[in-house]
Amino acid sequence: MKTYNYLYSLLLILLITSCNSDEVICNTDEPDVPQTICDTGLLIMTSDGSPGAITTFTLDSIQKPVNTPLAFNNIRTDTQQDFFGVYTNPSNYDAYNRINDTYFVEFPTEQRIYKYDIATQARQEFVVAGFYSAPVFNNGNLYAITIDNFGYASNPANFSIETINQNDGSLTTLITDSFPLISSFNWESMSSATDNLENIFFVSGTNLVSFNINATSTNHTELVPTFDAFDNNQGFYGLELRNNGNLLAIRNRNDNLVTSLELVEIDINNLTATPTVIFDFMVNNIALNSEFYSTTYDACDDMYYITSRRDATTTDFYEIDLVTSAVKTENFDFYLMGIESKNN
C-alpha cells in the first residue's frame, strides 16, 4: 500500500511541475491534457523616409498580451534603394510560415519580395515579375493570385492562382479562371485568408474567390449581388479566417443611403447570406485607410489587428477583442505594415 501511495505522490508532483513549466499550460478541467502556449506574439514591419529618399525597413516582433505603449523587439533592419518610397509600401502583401518560422513581404510596385528567417535573422531578396498579390501560406506552401490587365480586372475578370517558389520567388500557375465583374477586382485592394486545410480565399471589391487546393478548382461569390456604384457601393478588405471557421472582413459602405465602416463575419457555409456585424468602427470613432493598411487575426484569443496609415506621418495600430469589443490603440510617427500573428 505504501508503494502505491508513493507512486501516486510522485505522479502528482510531476503533474504540478509540468503545469508550472514554460512549455505547457494545463487545463484545470482536464489536468492530464497539456495545451500549447498560444501567445507567441506578432510580427510587424516599420519604415521611415520620404518618397524618393533612402528608406529604412525594420522587421520587429511584439509580445503578447499586447500592452500600450507597444514595445518593438528588433529582428532585422535594412536600408533600401532610393526607389523605395513610403507611398509604394505594401498593404496586405505579407505572409508568415509557422512551419519553418519565415516571413515574406512583397513590394509589388518595386517587383521585389523579401524572405526573412526569423531564427537566424537572415534576409533574401527576390526580383519578381507579374501583378500578383495577397500571398498566403497553406501547409508550408506559398500561394498568391494574379490579376489580368496589369492587375486591374475588366469584365470578365481574368485571374490565376499561383504558387511562389520560396527559394527564388518564381511563379507556377495552378489554374486560370474568370467571372462576370460588377464591382472592382484588383491587386492593390486584394487580401487573403486560409483554413490551413484545403481552402484559400481572396477578396477584392465585392468579389470573393475560393481556391480548393486538393481539387485545383476555383469558385467566385458575388458578396453584394445588388452592387451599384451610386446606390449600393460596398467593398471588402482585411480578410481573415475566424476560429469558428467563418470569414472576417472589413466592409466599407458609401452610397446615397448608407455610410458605414464595419468588421463583419461571413458565414463560410452560406457566403451569400447577409454578413453579421461584429464591430462598428464609426461608432468607435475609428477611420481606416483601405489603401495603406494591414490586418491579422489571432485565433487563440479571438483578437483582430489592424495597422492603418492616418496621414503622411502617422500610422494607427488597433487590437480589437471580438468578444468584448474592447480596443487597444496607439499611433506612431512612422509607417507600420505587414502585421502577422505567429499563432496562425
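Keep in mind that this is a model prediction, so the values were computed, not measured.
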Shared hydrophobic cluster, Val209 / Tyr93 (ILVMFWY, side-chain heavy atoms < 4.5 Å) | yes
Val66 and Lys328: which non-hydrogen atoms are nearest, and at how many Å?
-> O-NZ, 2.5 Å
Asp321: partners by side-chain contact (heavy atoms from CB on, under 4.5 Å), with sequence neighbours left out | Met303, Val323, Thr324, Ala326
Is it true that a side-chain atom of Ser178 and a backbone atom of Pro156 form a donor plus acceptor pair closer than 3.5 Å?
-> no
Is any side-chain heavy atom of Lys115 less than 4.5 Å from a side-chain heavy atom of Ile164?
-> no
Within the distance-only criterion (no hydrogens, no angle test), does the side chain of Ser210 pair as donor or acceptor with the backbone N or O of Thr218 below 3.5 angstrom?
-> no
Pair Asn100-Thr102, side-chain donor/acceptor within less than 3.5 Å = yes
Return the orientation label for the Phe211 and Tyr143 ring planes: parallel under 30°, perpendicular over 60°, tilted otherwise.
-> tilted
Give a yes or no answer on whether the side chain of Thr194 reaches the backbone of Asn199 with a donor-acceptor pair at less than 3.5 Å.
-> yes
With a 4.5 Å limit on heavy-atom distance, are the side chains of Thr163 and Asn141 in contact?
-> no
Heavy-atom pair with the smallest gap, counting every atom of Asp101 and Ala119 = OD2-N, 4.0 Å
Ring centres under 6.0 angstrom apart (Phe185, Phe179) | yes
What are the two closest non-hydrogen atoms of Gln124 and Asn167, and how far apart are they?
-> NE2-O, 4.4 Å
What are the two closest heavy atoms between Asn155 and Pro180, and how far apart are they?
-> OD1-CA, 3.6 Å
Could you tell me whether the side chain of Thr206 reaches within less than 4.5 Å of the side chain of Glu222, counting heavy atoms only?
-> yes
Mind running side-chain contact (heavy atoms from CB on, under 4.5 Å) on Leu288 and Tyr293 for me, showing each step along the way?
-> CA-CA 8 Å; Leu288 298 178; Tyr293 81 99; over 6 Å; no
Distance-minimising heavy-atom pair for Ser154 and Leu181 | O-CD2, 3.6 Å
Derivation of the side chain to side chain donor-acceptor pair (under 3.5 Å) call for Asn343 and Thr40 = CA-CA 7 Å; Asn343 287 329; Thr40 54; 2.9 Å; yes
Check whether any side-chain N or O of Ser341 sits under 3.5 Å from a backbone N or O of Thr296 as a donor-acceptor pair, and report yes or no.
-> no
Could you check if a side-chain atom of Phe104 sits within less than 4.5 angstrom of a side-chain atom of Pro135, using non-hydrogen atoms only?
-> no
Just by modelled atom types, is the Ser260 backbone N or O under 3.5 Å from a matching donor or acceptor in the Arg253 side chain?
-> no
Could you give me the CA-CA distance, side-chain angles and deciding distance for Phe281 and Ile320, then say whether side-chain contact (heavy atoms from CB on, under 4.5 Å) is met?
-> CA-CA 10 Å; Phe281 293 99; Ile320 303 174; 3.7 Å; yes
State, without any angle test, whether Thr68 and Glu330 hold a side-chain donor-acceptor pair at a distance under 3.5 Å.
-> no
Determine whether Val327 and Leu322 fall in the same hydrophobic cluster, where Ile, Leu, Val, Met, Phe, Trp and Tyr are linked whenever their side-chain heavy atoms lie under 4.5 Å apart.
-> yes
Under the side-chain contact (heavy atoms from CB on, under 4.5 Å) criterion, do Val127 and Arg112 qualify, and how do the steps go?
-> CA-CA 5 Å; Val127 179; Arg112 298 291 195 278; 3.9 Å; yes
Donor-acceptor contact present, side-chain Gln166 to main-chain Gly140, <3.5 Å = yes
Whether Phe334 and Phe332 hold their rings parallel, tilted or perpendicular, with breakpoints at 30° and 60° | tilted
Note, Met337 side chain near Phe292 side chain (heavy atom, < 4.5 Å) = no
Quick one: OG on Ser192 to CZ on Phe137, what's the gap to the nearest 0.5 Å?
-> 11.0 Å
Test item: Ile250 and Leu261 side chains (from C-beta on) under 4.5 Å apart, heavy atoms = yes
To the nearest 0.5 Å, tell me how far Ser61 OG sits from Phe72 CZ.
-> 10.0 Å
Main-chain N/O of Asn165 paired with Ser170 side-chain donor or acceptor, under 3.5 Å = no
Would you say the side-chain atoms of Glu162 pair up with the backbone N or O of Thr173, donor to acceptor, closer than 3.5 Å?
-> yes
Do Asn207 and Ser183 meet the criterion of a side-chain donor-acceptor pair at a distance under 3.5 Å?
-> yes
Considering only heavy atoms from C-beta outward, does the side chain of Asn244 approach that of Glu265 to under 4.5 Å?
-> yes
For the atom pair CG (Leu197) and CD1 (Ile213), what is the distance rounded to the nearest 0.5 Å?
-> 9.0 Å
Parallel under 30°, tilted from 30 to 60°, perpendicular over 60°: which one fits the rings of Phe107 and Tyr114?
-> perpendicular
Between CD1 on residue Ile145 and OG on residue Ser191, distance to nearest 0.5 Å = 10.5 Å
Polar side-chain atom of Asn214 near backbone of Glu198 as donor-acceptor pair, under 3.5 Å = no
Residues Asn73, Asp60; criterion side chain to side chain donor-acceptor pair (under 3.5 Å); working and verdict = CA-CA 5 Å; Asn73 304 301; Asp60 296 320; over 6 Å; no
Using the rule that two of Ile, Leu, Val, Met, Phe, Trp, Tyr join whenever any of their side-chain heavy atoms come within less than 4.5 Å, decide whether Val128 and Leu142 are in one cluster.
-> yes
Rounding to 0.5 Å, atoms CD1 (Ile339) and CE (Met45) come to a distance of 13.0 Å
Are Ile147 and Leu171 connected, step by step, through hydrophobic side chains (Ile, Leu, Val, Met, Phe, Trp, Tyr) whose heavy atoms are closer than 4.5 Å?
-> no
Polar contact flag, side-chain donor to acceptor under 3.5 angstrom, Glu240-Thr295 | yes
Between atom CG of Leu59 and atom CD1 of Ile75, what is the distance when rounded to the nearest 0.5 Å?
-> 4.0 Å
Taking ILVMFWY side chains as joined if any heavy atoms are under 4.5 angstrom apart, and letting links pass through other members, which residues group with Val277?
-> Ile182, Phe201, Val203, Leu208, Leu223, Val224, Phe227, Phe236, Leu239, Leu241, Leu247, Val264, Ile266, Ile268, Leu271
Cut-off 3.5 Å, side chains only: do Ser217 and Asn212 have a donor facing an acceptor?
-> no
Heavy atoms only: give me the nearest Lys64-Gly41 pair and the separation to one decimal.
-> CG-CA, 3.7 Å
Hey, are Asn97 and Tyr103 close enough side-chain-wise for a donor-acceptor pair under 3.5 Å?
-> no
Shared hydrophobic cluster for Phe159 and Val136 (ILVMFWY, side-chain gaps under 4.5 Å) = yes
